[in-house]
Amino acid sequence: MIRVDQASKQFPGKNGSPVTALSDVSLDIDSGEFVMIVGPSGSGKSTLLFTIGGMQHPSEGKVLFADDDVYSLSSTKRAALRRTRIGFVFQTFNLVPYLNCLDNVIVPAVLAGKSRGKSLRHATELLERLGLADRLKHRPSELSVGERQRVALCRSLINDPVVILADEPTGNLDEAMTGEVMEILRSLNADGQTILMATHNPQLAEQGTRLVTLDKGAVVQDESFATEVAVS
Amino acid sequence: MSPSLWLSFQELTKRRLGTAVATGVIGLAVAFAAGLELVSRAREAAVAADLDQIGPAIRVVQKGKTARNLARYELRTAPFDTADLQRLRRECRSSASAVEGRLSLKVPFKNRMISAVGVLPDTIITPFDDFRRMTESTVLIGAELASVLAVSAGQEISLQGQSFEVLAVLPETASEEDTVVFVHLSRLQQMFKLPGKLNEMRIFPAAGADIDTLVALVAARHPDMTPLTMERGETAEQSMHTTLRDHRRVLYLVTGVVIAVSVLIWSYINGTERRLELATLVAVGGSAWTVVLMILTRGAFLGVFGALLGILAGVAISLGQDLESTVRILPALDLVGIIVLTSTLLSAVGALPAAGLAASQDPVKVLQEA
């Protein structure tokens with residue numbers, strides 16, 4: 001479904017020499033996988049997610065989404081791909097502070113030109129499903145951090161994306177809230193949702209169906225354990 | 001509703017303090033411009049009305065007399081009478097607000113010849129209230145003549161051997177009337193044994209009346225009369241309008257710059273504060289164009305809100321002005337469209353640099369820094 005083909009990314013460093021964020025990364029991600037991307041800080045986890053998500057042009061290599069070469073598309077078509085086939089979740093939630101939960105969730109749907117009425121109904125269903133039925137009209141500042149992340153998850157799901165790209169989604173959460181969010185992600189994955197999640201927490205890494213370990217921008221380990229997760 | 005429109009509307013209606021401050025600044029600028037325009041228009045109308053009262057647009061004299069004769073008040077003869085005045089009033093009824101008769105004659109005073117002008121206190125068209133109090137035993141003296149002859153109010157003077165009290169010295173008008181003495185018309189006619197006689201009739205055109213048509217009518221019906229148009233008032237008015245217009249243009253330009261700069265600063269601060277929000281918008285499927293449109297739309301909305309607020313405030317401010325005239329300040333509906341359009345365009349232009357900056361930021365960098 002998603003193929004990363006020998007993708008590399010270099011940034012100009014402070015002293016003029018390039019800094020390598022990704023180094024010859026190749027991955028094939030199938031539908032329904034829950035891929036955990038782990039590695040130390042600066043290992044290229046976020047860069048890989050943004051590259052797959054059509055936001056970070058690789059210096060070399062390709063990213064194929066189904067059969068589309070993401071970076072041969074125009075920026076407008078890449079934006080369309082992000083809003084229709086990808087859902088982003090961030091460590092800092094990045095909710096719009098002056099919008100309530102419902103309006104935050106429908107932002108990608110509004111960008112996709114969907115009807116506001118239908119989008120609000122869908123957003124309500126998602127928020128109810130994630131336990132936020134009594135928070136629909138609350139603003140982010142009135143929510144706990146765990147609730148904010150659940151709203152952000154709803155926002156990523158509003159356009160029924162092919163894949164969710166979650167960049168350290170539990171990085172700002174305590175243990176209990178981390179457990180809640182991981183439960184939701186596992187549940188979504190159990191329903192067939194493809195998820196790529198970057199984390200530096202080794203305990204969480206085991207909760208996916210596949211583990212990809214990065215170091216200095218290169219894939220150093222790629223291990224699938226779908227059966228174990230399915231059993232648990 | 002387009003995404004940009006929805007997003008800008010959400011922000012403007014939900015971030016009320018920021019919206020109120022930006023709208024208030026634009027509103028103040030627009031109120032200043034709208035108030036200035038309305039007051040200026042009314043002031044111009046008031047001055048025009050005053051000038052109309054100081055000098056008539058048309059003076060009707062005996063055939064053969066010229067403007068030069070009039071300036072020196074050397075009419076000497078009295079060819080018209082009250083019947084001519086009544087006839088002219090009837091003929092000009094539809095296009096004249098008033099027709100006034102006068103008798104201007106030279107009289108000796110303090111070893112020199114001066115012009116004595118006979119007028120009727122209750123019919124004379126004048127901005128000076130002293131005329132209303134004039135009686136057959138009192139006179140009014142033009143400012144320049146009073147100064148030259150050292151005459152002041154309350155003094156007794158003698159004209160043609162008859163005694164008069166100087167009721168008042170008139171304010172300076174920068175016209176030939178500064179050099180004349182005004183006498184009650186009936187008294188002047190008696191003094192010179194010219195009962196009912198006149199040698200000048202003044203036509204005051206009604207608002208909107210065409211002066212040329214009126215002149216042509218008088219000339220066609222009265223071959224014995226010469227209608228002369230007065231340019232003094234028109235010239236003064238024209239010059240005043242041109243000067244005021246030039247000043248106002250500068251003030252409007254300054255107002256426009258204030259609006260554009262206000263929106264520029266507001267959009268820039270707003271865009272800087274919201275870098276993460278804009279980067280997230282791109283991540284969840286917005287394009288750079290969506291961001292640009294959103295910021296421009298927001299600027300335009302502020303322009304509309306500010307303009308409407310400013311127009312209301314401007315009308316209120318202008319209505320509170322005392323023009324010292326009977327002319328009223330009327331809300332000018334023709335201004336609404338142009339002010340709203342100009343304010344909207346200027347606000348959108350003001351938001352352009354901030355939109356450009358927001359669109360050119362690297363969303364990945366912003367998201368990673370967060």
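Chain naming here is simple, since letters A, B, ... match the order of the sequence lines and numbering starts at 1 in each.
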Check: [Y] and [X] side chains under 4.5 Å, non-hydrogen atoms:
X: A/Pro97; Y: B/Glu277; answer: yes
X: A/Arg82; Y: B/Val282; answer: yes
X: A/Phe50; Y: B/Leu367; answer: yes
X: A/Val96; Y: B/Leu281; answer: no
X: A/Thr47; Y: B/Gln368; answer: yes

*Relative to chain B, which of A/Thr76, A/Val107, A/Asp103 shows the most heavy atom pairs under 4.5 Å?*
A/Asp103

If I measure from the heavy atoms of chain B, does [X] come under 4.5 Å with its side chain, its backbone, both, or neither?
X: A/Ser46; value: both
X: A/Ile106; value: side chain
X: A/Arg78; value: neither

Taking all non-hydrogen atoms of both residues, which atom of [X] and which atom of [Y] are closest, and how far apart?
X: B/Pro3; Y: A/Val110; answer: CG-O, 3.3 Å
X: A/Phe90; Y: B/Ala283; answer: CZ-CB, 3.5 Å
X: A/Met55; Y: B/Pro363; answer: CE-CB, 3.8 Å

*Could you give the distance from CG (A/Leu95) to OG1 (B/Thr280), rounded to the nearest 0.5 Å?*
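Going from the CG atom of A/Leu95 to the OG1 atom of B/Thr280 covers 8.5 Å.
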
*A/Asn94 side, atom CG; B/Leu276 side, atom CG - distance, nearest 0.5 Å*: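 The CG atom of A/Asn94 sits 4.0 Å away from the CG atom of B/Leu276.
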
*Would you find more than 12 non-hydrogen atoms of other residues, nucleotides or ligands less than 6.0 Å from A/Arg3 atom CZ?*
no

*Evaluate whether atom NZ of A/Lys62 has more than 12 neighbouring non-hydrogen atoms of other residues, nucleotides or ligands under 6.0 angstrom away.*
no

*B/Leu7 and A/Leu111: CA distance, side-chain angles, deciding distance, side chain to side chain contact (heavy atoms under 4.5 Å, CB included) verdict*: CA-CA 9 Å; B/Leu7 288 163; A/Leu111 290 170; 4.2 Å; yes

*Is chain A contacted by the side chain of B/Gln10, its backbone, both, or neither, given a heavy-atom distance below 4.5 Å?*
both

*Is it true that the side chains of A/Tyr98 and B/Arg16 contain a donor and an acceptor less than 3.5 Å apart?*
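The criterion, which ignores hydrogens and geometry beyond distance, is not satisfied for B/Arg16 and A/Tyr98.
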
*Under the 3.5 angstrom rule, does the side chain of A/Arg83 hit a backbone N or O of B/Gly286 as a donor-acceptor pair?*
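Not a single qualifying donor-acceptor pair exists.
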
